[in-house]
Novice: 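The structure is given below, and queries will be raised subsequently.
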Amino acid sequence: MGNSNKKEQSLTQKLINDWIYVPIGIAIIIAIIIGVNQLLRAIGFNFPANVAAMLIVGALLITAEYTLPKNVMSKILKCIDPAIGFLMKWMIIFFVPPLITILNSDNLPTGGDIIKLIIVFFVGLIIFIPLVAYVVHYASVLFERVKKGKSYKNKNEIKEKEMKEMEEKNKNYMVEIVTDDEEKTMDITIYDENRSHTSEETYENTVMDTSSHSPKDIDVIAKSKENVDVNNKNSFKNNNNNNNENKKRKFNWKSSATPSKYNFITYIIIYALSWIPAAIWNVTQPLHIAVNVLSYLIGLCVPDKIRVIFHPLISCTVFSYLFYWIEGLAFGRSLKEELALYSNNSKFLLYLNDTSLPFPKAGEMLFCILDATVVALSFRILEHHKLIFRHIFELVGSIVIMSFLSMLVHTFLCRIIGIAPIYSLSMASRSVTSPLAIQVVNFLNSDMAIAIVIVAFTGVFTDILGLPILKLIHFPLSDSLAHGACMGCAGHAVATASLIKDFPSASAVSSISFVLFSTMCVIWSAIPPIANLFHSIAGF
């Protein structure tokens, strides 16, 4: 009875969290974004409302941490925690819309440009990840040395002197022991030399010296030798059997990320019910969002070893295309027509200020929740703000330099291998988070669809390749500052999401890093002389 009551209580609490606390928490965060957006419009400042809201909320949370009583702060965090956990858990799915809508783009690159873009994509990624990691790592080391100055050197000198004194004392002590017990040591050494034989020599001498042993003793010795040989052979066979078992071990088709039956059943019911408004009133938003969710859940069931390459964002996109094709057949539409109903580029913040615009579709609604997810990262910053503040100067300095180099080098690489200028500039914004990448695209006049797709895939492959690359170059992952900075600067929010579970400190650094990095890229592209420099490098 006790266990059943506990299960009922946990299920009840889960339902309350999922259907009350989560929607209310997300609604509060979206309301904050709307308020910040209206404020930015009022003062005439062109900056993404979600990023501004993240910085404002983060600053308020850190201030509250030191001003409010602990019990009050803990209650606030407890109320909002279900929504934050939900957004962090489902973050990947909110990046799906750009990959879904790419097929409807009118300005897709040709086959040659696609191959060239792929080459620059991976070469740039392989160079940029370790470069950022080591720049931030050594910047923090140098900054610590400069900050400590002479006191740092004096402490080291004192430690070295103390170590030398201890070594001299130990040497003198050992000399006294040797001189006092010299005769005893010599006697023991002579005794050990007379008794020192290997096991094989001892056995041979014992068997050969038959004069000192009876026949029974010889038989016993021989049998013991045989037993030793048999044991050695058995152990060798066991080792071989173990090795053969390891070689024959079958591929593990299970996934460690398989969703719960509760999630599957819930969204299957939502998907089934969503067909009703789609069929009767042509309201496709619930059906399309349910497709994305189910596709993501199916993608999580992919075996771990395959999922390393077949990232959930990619599998979600592939399965979503399959579902939309089936829906198109059911409603008598082509795949392209079905995808046109998925997104209409009517952002919800724009719609609030101009209701004459078409009502946002499923893609825009997911982007709306992505905005809330960006703001939710401020809570991760709160958890590890001391680490960030302790290294803020070297972190900001490194990011300012690396943001400019990233845009410059990627544009230059595209020009070298002959990529069209408009796609070269689209590559310049590859490591910028989607909301700010749109600003970079507008300033540089690059291709929006290609730029957003490159941004999405950059996050995916930074997530896939980031950790293996750092391990390959033996980078110290214990350096949370450099680890988080390189993942955030290279792979923005997608790579940040991959750090939350295993590297929480690095994820906090990554959260602030991708915001700073993306903001600097917007600033660089907004400066006319620098924007002209990028245009000339691209070949305009």
Side-chain angles (χ1 to χ4, degrees), residues 22 25-37 47-65 76-77 79-95 313 366-389 391-392 395-396 399 431-438 455-456 458-460 462-463 466 480-481 483-522:
V22 169
I26 294 175
I28 291 171
I29 294 173
I30 292 175
I32 293 171
I33 296 170
I34 294 171
V36 171
N37 181 67
F47 191 79
N50 57 355
V51 177
M54 187 194 78
L55 296 175
I56 292 170
V57 171
L60 291 174
L61 287 172
I62 294 170
T63 303
E65 178 77 10
I76 294 173
L77 295 177
C79 291
I80 199 70
D81 187 65
I84 302 302
F86 176 88
L87 292 171
M88 294 296 101
K89 180 180 178 181
W90 296 94
M91 179 185 282
I92 297 296
I93 199 174
F94 307 134
F95 290 90
L313 186 57
L366 287 177
F367 257 133
C368 170
I369 304 177
L370 176 61
D371 290 345
T373 305
V374 172
V375 177
L377 291 172
S378 60
F379 290 84
R380 296 288 178 247
I381 296 173
L382 170 67
E383 293 176 12
H384 305 281
H385 67 278
K386 292 180 181 178
L387 173 67
I388 297 170
F389 286 170
H391 300 281
I392 191 68
L395 186 65
V396 173
I399 288 174
S431 295
V432 183
T433 188
S434 296
L436 289 175
I438 294 170
V455 166
T458 296
V460 169
T462 302
D463 183 7
S480 299
L481 184 78
H483 182 199
C486 83
M487 294 297 282
C489 292
H492 49 81
V494 177
T496 300
S498 68
L499 297 174
I500 291 172
K501 182 179 178 181
D502 297 325
F503 303 97
S505 298
S507 71
V509 178
S510 183
S511 301
I512 194 68
S513 296
F514 86 76
V515 172
L516 293 173
F517 184 92
S518 302
T519 303
M520 284 308 307
C521 288
V522 173

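Numbering starts at 1 and runs along the sequence shown. Heavy-atom basis, side chains included; hydrogens, waters and symmetry copies ignored.
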Novice: If you measure from CG on L481 to CD1 on I392, what distance do you get to the nearest 0.5 Å?
Specialist: 9.0 Å
Novice: Not counting sequence neighbours, which residues clear side chain to side chain contact (heavy atoms under 4.5 Å, CB included) with A53? List them please.
Specialist: I32, I33, V36, V375
Novice: Minimum heavy-atom separation for P82 and V22, please, with both atom names.
Specialist: O-CG2, 3.5 Å
Novice: Say you draw a straight line from CD1 of I34 to CD1 of I29; how long is it, rounded to the nearest 0.5 Å?
Specialist: 12.5 Å
Novice: Specify the closest pair of heavy atoms between V509 and I512, including all atoms of both residues, with the distance to one decimal.
Specialist: O-CG2, 3.2 Å
Novice: Has the side chain of H492 got a donor or acceptor atom that lies under 3.5 Å from a matching backbone atom of V455?
Specialist: yes
Novice: So, H385 side chain and L382 main chain: donor-acceptor pair closer than 3.5 Å or not?
Specialist: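 Confirmed, H385 side chain pairs with L382 backbone.
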Novice: Kindly compute the distance separating CG (N50) from OG1 (T373), expressed to the nearest 0.5 Å.
Specialist: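 Answer rounded to 0.5 Å: 10.0 Å.
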Novice: List the steps, then state whether side chain to side chain contact (heavy atoms under 4.5 Å, CB included) holds for D81 with F379.
Specialist: CA-CA 9 Å; D81 187 65; F379 290 84; over 6 Å; no
Novice: Would you give the length of the straight line joining atom CG of L61 to atom CG of L77, rounded to the nearest 0.5 angstrom?
Specialist: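 With rounding to 0.5 Å, CG (L61) is 7.0 Å from CG (L77).
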Novice: Going through the distances and angles, do L313 and D463 end up as a side chain to side chain contact (heavy atoms under 4.5 Å, CB included)?
Specialist: CA-CA 11 Å; L313 186 57; D463 183 7; over 6 Å; no
Novice: Between M91 and V494, is the side chain to side chain contact (heavy atoms under 4.5 Å, CB included) condition met? List the steps.
Specialist: CA-CA 8 Å; M91 179 185 282; V494 177; over 6 Å; no
Novice: List the atom of S513, the atom of G488, and the distance in Å for their closest heavy-atom pair.
Specialist: CB-CA, 4.5 Å
Novice: Going by heavy atoms in the side chains, are L377 and V515 under 4.5 Å from each other?
Specialist: no
Novice: To the nearest 0.5 Å, tell me how far I26 CD1 sits from I30 CD1.
Specialist: 6.5 Å
Novice: Donor-acceptor check, side chain of S518 to backbone of T433, threshold 3.5 angstrom: yes or no?
Specialist: yes
Novice: How long is the straight-line distance from CG of L516 back to CG of L395, given to the nearest 0.5 Å?
Specialist: 6.5 Å
Novice: If every non-hydrogen atom of T458 is compared with every non-hydrogen atom of S431, which pair is closest and at what distance?
Specialist: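 Answer, listing the atom of T458 first, then S431: CG2-OG, 4.0 Å.
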Novice: By side chain to side chain contact (heavy atoms under 4.5 Å, CB included), which residues pair with S510, not counting sequence neighbours?
Specialist: M487, T496, L499
Novice: When the ring planes of W90 and F86 are compared, do they come out parallel, tilted or perpendicular, using 30° and 60° as the limits?
Specialist: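 Rings of W90 and F86: tilted, as their planes differ by 30° to 60°.
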